[in-house]
Structure formats: structure tokens, C-alpha cells
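It should be emphasised that the depicted structure is a prediction, and the values quoted were computed from it without experimental measurement. Each chain gets a letter, A, B and so on, in the order its sequence line appears, and its residues count up from 1.
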Number of protein chains: 2
Amino acid sequence: MEGPHGMTARPLPEPTVARLPIYLRIAEEHLRHGSTTLSSEDLARDAGVNAAKVRKDLSLLGSLGTRGTGYDAASLIDALDALLGMARDWPVVIVGIGNLGRALINARGFFTGAYRLVGLVDADPAVIGEELGGRRVGTFAQVAAELESAPAIGVITTPASAAQEAANELVALGARSLLNFAPRVLEVPEGVQVRYVDLSMELQILSYHATRTDAQSAGLLATVGVEAQALDAVDWAEGGK
Amino acid sequence: MEGPHGMTARPLPEPTVARLPIYLRIAEEHLRHGSTTLSSEDLARDAGVNAAKVRKDLSLLGSLGTRGTGYDAASLIDALDALLGMARDWPVVIVGIGNLGRALINARGFFTGAYRLVGLVDADPAVIGEELGGRRVGTFAQVAAELESAPAIGVITTPASAAQEAANELVALGARSLLNFAPRVLEVPEGVQVRYVDLSMELQILSYHATRTDAQSAGLLATVGVEAQALDAVDWAEGGK
DNA sequence: CCGTGTGAAATCCTTCACAGCA
DNA sequence: TGCTGTGAAGGATTTCACACGG
């Protein structure tokens with residue numbers, strides 16, 4: 001059904017999965033700019049990766065390209081859309097309506113396309129009742145009562161101390177994917193996916209590298225031949241022990 | 001100076017670097033809760049990784065532990081603080097004062113410790129002049145004039161269309177590390193670090209996995225023995241061709 | 001002739017298993 | 001005895017190099 005030749009596909013390597021959304025974005029951009037085909041070299045340049053990697057990645061989805069020509073932008077978009085589930089409907093609940101939660105609600109591109117905001121949860125009585133993005137903020141119980149179906153994705157933007165409880169409630173509501181912005185590793189049942197976005201961690205990783213390159217530029221440069229690499233986000237988790 | 005035995009250290013593996021902030025957070029928490037030592041097993045449980053991985057990671061920083069006992073929380077924190085540059089001062093400029101930018105300015109834990117907000121840039125005249133987080137929003141020229149020194153880190157929260165220009169300006173100001181929230185791969189000079197946080201990409205990766213596990217649970221479960229893994233963020237980039 | 005698709009090689013990371021020290 | 005530190009094994013991903021097809 002979803003494999004290269006209709007057979008049961010083995011799971012894609014996680015680094016490949018993380019690059020697919022980038023390829024999708026680039027293909028959409030190329031199409032908007034009028035080019036109907038693009039080569040692995042084009043994709044590689046825009047994504048900041050090796051061309052061989054692009055070909056290997058895309059070949060895992062099937063034979064999408066044409067030898068001597070490249071990839072048809074529209075076909076590539078279709079294939080990636082299908083694989084990333086962009087044709088489906090993904091109801092999203094956000095827990096923690098602070099600054100970050102509000103930013104996500106209002107962010108362009110966050111609730112476009114397949115992802116649909118269906119619930120806003122907060123514990124603070126001062127926030128409950130407020131209307132944002134066409135939804136009224138409620139407690140878990142209130143939101144659960146108003147949901148038509150289980151949310152597919154739960155977004156956690158609470159303080160760290162409330163994150164595990166938020167995860168528990170979201171899983172109880174039926175969410176099987178969590179996007180956690182709180183600086184806490186979550187315990188979730190097997191089969192529940194968790195992705196972590198930790199802003200202070202990002203700063204620390206940057207300052208680690210900055211410390212190192214400073215020290216090196218004082219000596220001799222040691223980072224020779226380092227290819228510009230765009231995105232290899234592999235921070236994911238599958239629940240269970 | 002920074003190697004295990006005072007010798008020139010080879011660079012740490014990138015996945016290891018991405019885990020160090022987590023170990024740091026866990027050690028701080030343990031210390032706050034009164035335990036002065038913690039084992040690799042403790043760290044592994046809280047971080048959601050394998051204990052062997054913890055030991056391998058930490059052994060790369062030197063011999064921090066004591067056989068038969070574990071790691072001294074305070075010493076571990078010191079070592080990680082030093083390595084991640086937490087003793088230094090990291091001036092940060094934010095470009096793009098929309099919802100996300102404001103969320104970062106107000107977020108607890110984002111501008112605590114080593115990271116210090118020194119400038120806010122936006123192109124919108126309606127936003128320029130506004131005061132947030134103790135800083136007045138200005139154009140690049142205005143902010144540049146008020147800076148005491150070059151910013152170490154630039155945070156980009158502009159729309160995608162403005163991200164490359166923001167990166168150029170930040171590099172011109174002297175920033176050597178960029179944290180980019182815009183869905184765009186940036187071109188930067190060699191030696192400039194870029195990390196990407198792309199929220200819509202996170203959702204797409206989640207929906208990819210959700211699609212797959214749904215299809216599998218209809219058949220037979222194939223994800224057996226998958227260890228819970230916390231964070232392997234490896235999305236980083238070094239400029240240059 | 002050009003660019004994809006792909007075995008094979010090389011590299012990187014993780015996990016194992018245990019020696020060694022407190 | 002208990003837990004770290006680490007060589008070696010194992011697994012996964014990246015890169016190479018080129019056969020193949022349009």
C-alpha cells in the first residue's frame with residue numbers, strides 16, 4: 001500500500017524521515033517559481049546536504065525520478081504529501097496557553113493544511129474562558145466533553161512541572177503523538193510518539209560549538225571539509241519499555 | 001585545556017553534544033532533590049536512554065565518575081557547565097518580534113543564566129519603538145548602534161521570506177551562531193553555526209509516524225523492543241562549502 | 001549524454017561485555 | 001561488591017562510484 005512496489009515497506013531510517021519535510025518544502029517552492037522538474041543536485045543545494053543522500057532518501061520511497069531528467073516537482077510533492085499524511089486530517093490539542101502556546105496558535109503555517117486546532121487546555125482560571133484561534137480555553141474535562149473525536153496530536157507548552165501530567169491527560173484523550181516544548185523527558189505508553197523541542201537546549205548546543213570554534217580559531221582551523229548540513233533532527237521517541 | 005587529560009580533544013560526537021544539556025538538567029534536578037551522587041543508571045532512566053550510552057558520553061569528557069559510587073552531582077554539573085559555556089556571557093539578538101519572538105522574550109528559562117538579551121530587531125514600523133524584556137525594538141541600524149559588543153547568538157523568528165536577510169545582517173553584526181525558527185535553510189559563511197527549529201516539520205514527522213503505526217496496528221505490531229529514546233537532536237550546521 | 005537508482009565501502013554511533021578500581 | 005571506563009562487536013547511516021535507462 002505504501003511501499004515502493006506495493007509490498008510491505010521496511011520503515012524508513014529516521015534521519016531520512018526528518019529530511020522529507022525539507023524536500024517537500026523545496027519542491028513546493030520550485031514549483032511556485034515555475035520549474036516543473038528538479039534534480040537531486042537542486043534539492044541537495046537547497047537543503048544543504050549531499051546529492052547522493054537525496055537520491056538514496058527518495059529512492060526509498062520508490063522510483064520517483066526520471067534518469068537524465070530529474071524529479072517531477074508535482075509528482076514528488078504528491079508522493080511526499082501522501083507519505084507525511086498531509087491528505088489526512090490531524091486534530092491538535094494544545095495544553096498550556098502561555099506565551100508559547102499563543103505564539104503557536106497564531107503562527108502562520110502551524111495550523112494550515114492537515115493540522116487543525118480542536119482544543120485549548122489550561123489550568124489557570126484566569127486563562128480559562130478566553131477565546132483564541134476560534135477556540136475557547138478550558139480544563140481538560142471541558143475540552144474532552146466538546147471534542148468530536150480523539151485528538152491525533154497533543155502539543156505541550158506548559159511549565160516543566162506540569163508536562164508529565166499534561167502528557168498523561170492527552171494520552172487519556174486518545175492522542176498518540178505528542179510535541180513537547182517543556183524541558184522534561186516524558187514517560188508515555190508504548191506506541192505513543194514524542195518529539196521534543198527544547199529551546200534552552202538549542203542555545204546550549206550553540207554555545208558549546210561557539211566555545212570550541214573560538215578556541216580553534218586561536219590555533220589552527222580544524223573544521224576543514226565540513227559540508228554544510230541543514231537538518232538532521234532525529235529527536236524522537238517511541239513509548240514503552 | 002578542555003580535553004580529558006589536558007591534551008587536544010577531538011570533537012565530541014554530535015549526538016553526544018545534544019544529550020549533554022539533558023544530563024545537566026537531570027543532575028541539577030537530583031541535586032535540588034538532595035541526592036549528591038547519581039549513577040549512569042539514574043541518568044539513563046531520567047533521560048530515556050541506555051546506561052552504556054551515558055557512560056560513554058560522560059567518559060568522553062574525562063573521568064568524571066567514581067567506580068562503585070557513580071557521579072558526584074556537583075562535579076558533573078561543573079564539568080557540563082564548563083563544556084557548554086555556561087560560565088561565559090552570551091549576548092543574544094532576536095530578529096522578528098512577532099508572536100514567537102515575544103514568546104521567547106517572555107519564556108522562563110530562555111534568558112536565564114548565560115544568555116542575555118541585548119537587542120530586538122524588527123522591520124515593521126508599528127513594532128519599532130515598543131519595549132519588551134527591557135529592550136526597545138529597533139531596526140538593524142538602530143540596534144547595531146546601541147550594542148556594546150557583537151552579539152554571540154542571533155535568533156531568527158521572522159517569516160521565511162525575511163530569514164536569509166536577517167541571517168546576513170546578524171552575521172554582519174558579528175554573530176557566529178544562529179538559531180533559526182523560519183522554515184528556510186540558511187546560507188552562512190564558514191564558521192557560522194546554524195541550528196534549525198521548524199515547528200511544521202515536527203508536526204509532519206509526527207504524522208508520518210502516526211500514519212505508519214496506525215497501518216501497523218491494523219496488521220500486527222512490528223515495533224517490538226524499541227527502547228524509549230529521549231533526545232537525539234542532531235540538526236546542526238556549520239557554514240561554508 | 002545526463003541524472004537516477006543502487007550495491008559496496010567507509011564512517012559513525014550504539015550496545016555489549018567485562019576489566020579495573022574505589 | 002558495585003559501578004565506571006572502555007575495547008570490541010554490532011548496527012545504522014552516509015558516501016562513493018558506476019551501471020542503467022530515458
Side-chain angles (χ1 to χ4, degrees), chain A residues 3-5 10-20 23 27 35-45 47-73 75-76 79 225-237, chain B residues 3-5 10-20 23 27 35-45 47-73 75-76 79 225-237:
Chain A
H5 304 101
R10 34 220 142 310
L12 297 177
E14 199 50 34
T16 295
V17 174
R19 285 187 293 266
L20 297 184
Y23 301 152
S35 34
T36 79
T37 69
L38 66 175
S39 67
S40 63
E41 189 56 60
D42 293 334
L43 282 161
R45 190 174 341 94
V49 300
N50 192 297
K53 200 185 288 183
V54 173
R55 290 199 299 277
K56 180 74 88 181
D57 284 342
L58 296 183
S59 75
L60 295 175
L61 317 187
S63 271
L64 300 176
T66 307
R67 287 161 201 246
T69 306
Y71 301 88
D72 178 66
S75 309
L76 184 57
V226 176
E227 281 275 323
Q229 228 171 348
L231 265 165
D232 288 320
V234 197
D235 54 306
W236 70 291
Chain B
H5 304 101
R10 32 219 143 315
L12 297 177
E14 199 53 32
T16 295
V17 174
R19 285 187 293 267
L20 297 184
Y23 300 152
S35 35
T36 80
T37 68
L38 66 177
S39 67
S40 62
E41 190 57 57
D42 294 333
L43 282 161
R45 189 171 345 93
V49 300
N50 192 296
K53 200 186 287 184
V54 173
R55 291 199 298 278
K56 181 73 87 179
D57 284 342
L58 295 182
S59 75
L60 295 174
L61 319 186
S63 272
L64 301 176
T66 308
R67 287 157 202 248
T69 307
Y71 301 89
D72 178 66
S75 309
L76 184 56
V226 176
E227 280 277 322
Q229 229 172 347
L231 266 163
D232 289 320
V234 197
D235 54 308
W236 69 289

Exercise. Could you check whether A:Leu64 gets within reach of a base, just the sugar-phosphate, or nothing at all, counting any heavy atom under 4.0 Å?
Key: sugar-phosphate
Quiz prompt | Atom-pair distance (CD on A:Glu41; P on C:dC1), nearest Å | solution = 20 Å
Quiz item: Can you tell which of C:dC13, C:dT15, C:dT14 lies closest to the side chain of B:Arg19?
Solution: C:dT14
Exercise. For the residue pair A:Pro13 and A:Asp57, establish whether any side-chain heavy-atom pair is separated by less than 4.5 Å.
Key: no
Exercise. Report which part of the nucleic acid B:Thr16 touches: base, sugar-phosphate, or nothing (heavy-atom distance under 4.0 Å, all strands).
Key: nothing
Quiz item: Separation of B:Asp57 atom CG from C:dT14 atom P, in whole Å?
Solution: 7 Å
Self-check item: Length of the CG-P vector between A:Leu38 and C:dT4, whole Å
Solution: 9 Å
Quiz prompt | Under-4.0 Å side-chain N/O to phosphate OP1/OP2 contact, A:Lys53 with D:dT15 | solution = yes
Quiz item: To the nearest angstrom, how far is A:Glu14 atom CD from C:dC13 atom C1'?
Solution: 15 Å
Practice problem: Write down the distance between CZ (B:Arg55) and P (D:dG2), rounded to a whole number of angstrom. | Solution: 15 Å
Self-check item: Residue pair B:Tyr71 / B:Ser40, side-chain heavy-atom distance below 4.5 Å
Solution: yes
Practice problem: Classify the side chain of A:Arg67 and the base of C:dC2 as holding, or not holding, a donor-acceptor pair under 3.5 Å. | Solution: no
Quiz item: OP1 or OP2 of D:dT13 sitting under 4.0 Å from any side-chain N/O of A:Asn50?
Solution: no
Quiz item: How about B:Asp72 and B:Thr66: do any of their side-chain heavy atoms sit closer than 4.5 Å?
Solution: no
Quiz item: Should B:Tyr71 be listed as having a side-chain N or O under 4.0 Å from OP1 or OP2 of C:dA22?
Solution: no
Practice problem: Calculate the interatomic distance between B:Leu12 atom CG and C:dC12 atom P; express it in whole Å. | Solution: 14 Å
Self-check item: Gap between atoms NZ and C1', on A:Lys56 and D:dA17 respectively (whole Å)
Solution: 12 Å
Quiz prompt | Integer-rounded Å distance: C:dT4 P and A:Tyr23 OH | solution = 12 Å
Quiz item: Heavy-atom distance under 4.5 Å between the side chains of B:Tyr23 and B:Leu38, does that happen here?
Solution: no
Quiz item: Is there a side-chain contact between A:Leu76 and A:Leu43 (heavy atoms, below 4.5 Å)?
Solution: yes
Quiz item: Any side-chain N or O of B:Ser40 under 4.0 Å from OP1/OP2 of D:dC3?
Solution: no
